[in-house]
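Here is the structure we will look at.
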Amino acid sequence: MLRSAALRFRTESTRRLKPVSHCPFITPLSTISTGKQRHEIRTFNTNKCLSSRLITGDHGQIPDIDRPFKKILTANRGEIATRVMRACSELGVATAGIYSHEDRLTQHRYKADQAFMLSSKKSPVAAYLDIETIVNICKEQGVDAVHPGYGFLSENEHFCSALQRAGITFIGPTMENLRQFGNKTTAKDLAIAMNVPVIAGSDTAFPSWEEAKVWIRENTTYPVIVKAGP
């Protein structure tokens, strides 16, 4: 028990005192509380925060490029979010991250310049699909663009629409593209209309497994691949 407690204390102390971001110019973690949420903030300097391979001279300077966004939130987790944040840091763009209660000790939380916990009342997956909460965080924290990564809300036209209404850029396909390709049946219909070869299969989705079995029996033979929709 003592060894476990010591390990836990050492882990927590390291997490508080050591800058865990790859960027050497981000200060150690500090926490603030607003309402019921616990937010974390690291001081960010866009003139000095950069990847080691971009460093020149004593401190280094980020190349003089046009940055369309000042702060980007990554609406994802884990390695996906970490890679997006790293790219933003190399370009001198501030980053924001989100995490579920279950992900409170994961890497992507500490790689962001700001990190915001999602609802602990939702399941680990549902928390990352909470469009209203994510959009509200963006509006409250001055986020001007969101990178969805892949999976989760990356193909959700309603998420894209909600961000657009809030004046926030969705980094990804247009809403029309999402509407066309976010649904597998609609995407297949469009591919057929454009004379793109597709794998043979049903023309529509089945509301029940029983209906799918009837179609299989009447149109083909086993084995078949059943793909979840939409």
Side-chain angles (χ1 to χ4, degrees), residues 1-23 26-44 71-89 93-163 165-166 168 170-172 182 228:
M1 181 179 296
L2 290 176
R3 186 173 182 275
S4 176
L7 177 61
R8 184 165 60 251
F9 174 77
R10 185 166 65 250
T11 302
E12 290 297 326
S13 298
T14 301
R15 185 175 295 113
R16 286 197 302 270
L17 299 177
K18 182 181 178 181
V20 292
S21 171
H22 68 280
C23 173
I26 295 180
T27 61
L29 179 68
S30 60
T31 49
I32 60 172
S33 296
T34 57
K36 296 182 180 180
Q37 286 189 316
R38 181 174 178 271
H39 301 331
E40 302 164 351
I41 292 181
R42 294 182 181 86
T43 303
F44 184 85
K71 184 189 293 187
I72 294 176
L73 180 140
T74 306
N76 216 298
R77 63 180 297 280
E79 179 70 10
I80 304 167
T82 300
R83 286 178 177 272
V84 174
M85 293 169 187
R86 178 179 179 180
C88 290
S89 295
V93 177
T95 60
I98 53 176
Y99 61 95
S100 65
H101 175 74
E102 291 76 9
D103 276 346
R104 61 192 180 280
L105 300 181
T106 55
Q107 177 180 251
H108 79 273
R109 171 186 176 183
Y110 298 100
K111 287 294 185 180
D113 302 315
Q114 293 178 287
F116 307 96
M117 190 173 79
L118 299 167
S119 174
S120 59
K121 297 180 180 179
K122 297 181 180 293
S123 71
V125 174
Y128 288 99
L129 299 176
D130 188 350
I131 294 176
E132 182 179 359
T133 296
I134 296 174
V135 173
N136 284 338
I137 289 174
C138 291
K139 292 192 293 186
E140 293 170 2
Q141 302 302 322
V143 170
D144 48 5
V146 170
H147 194 305
Y150 58 85
F152 288 130
L153 295 171
S154 62
E155 298 179 12
N156 192 305
E157 65 174 287
H158 303 295
F159 183 46
C160 180
S161 176
L163 290 172
R165 291 195 300 271
I168 300 167
F170 178 84
I171 301 177

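Note that the structure is a prediction, hence the values are computed from the model and not measured. Atom set for the values below is all heavy atoms of this structure, side chains included, hydrogens, waters and symmetry mates excluded.
- A donor-acceptor distance shorter than 3.5 angstrom exists from the side chain of Ser119 to the backbone of Lys121, with no hydrogens or angles considered.
- Every residue meeting the side chain to side chain contact (heavy atoms under 4.5 Å, CB included) condition with Ala162, not counting sequence neighbours, appears here in chain and number order: Ile131, Val135, Arg165.
- Annotation for Ile80 and Gly149: closest pair CG2-CA, 3.7 Å, computed over non-hydrogen atoms.
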Chi angles and distances behind the side chain to side chain contact (heavy atoms under 4.5 Å, CB included) call for Leu73, Ile134: CA-CA 9 Å; Leu73 180 140; Ile134 296 174; 4.2 Å; yes

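- Every salt bridge (charged side-chain N to carboxylate O under 4.0 Å, His left out) that Asp103 has, sequence neighbours left out, goes to Arg77.
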Side chain to side chain contact (heavy atoms under 4.5 Å, CB included) assessment of Arg86 paired with Thr95: CA-CA 9 Å; Arg86 178 179 179 180; Thr95 60; over 6 Å; no

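- Considering every non-hydrogen atom in both Ile98 and Thr74, the closest pair reads CG1-O, 3.8 Å.
- Distance alone, capped at 3.5 Å, places no donor-acceptor pair between the His101 side chain and the Pro124 backbone.
- Shown here are the salt bridge (charged side-chain N to carboxylate O under 4.0 Å, His left out) partners of Glu79, two or more places apart in sequence or in another chain: Arg83.
- Between Met85 and Ala96, the closest heavy-atom pair is CE-O, 4.2 Å.
- Across all non-hydrogen atoms, the minimal contact from Pro148 to Asn76 is O-ND2, 2.8 Å.
- With sequence neighbours excluded, no residue forms a side chain to side chain donor-acceptor pair (under 3.5 Å) with Ser100.
- For the atom pair Ile171 CD1 and Leu163 CG, the distance stands at 10.0 Å (nearest 0.5 Å).
- A pairwise comparison of heavy atoms in Leu153 and Tyr128 identifies CD1-O, 3.5 Å as the closest pair.
- Sequence neighbours left out, the pairs with a member in residues 144-158 that pass side-chain hydrogen bond (donor to acceptor under 3.5 Å, both in side chains) are Glu157-Arg179.
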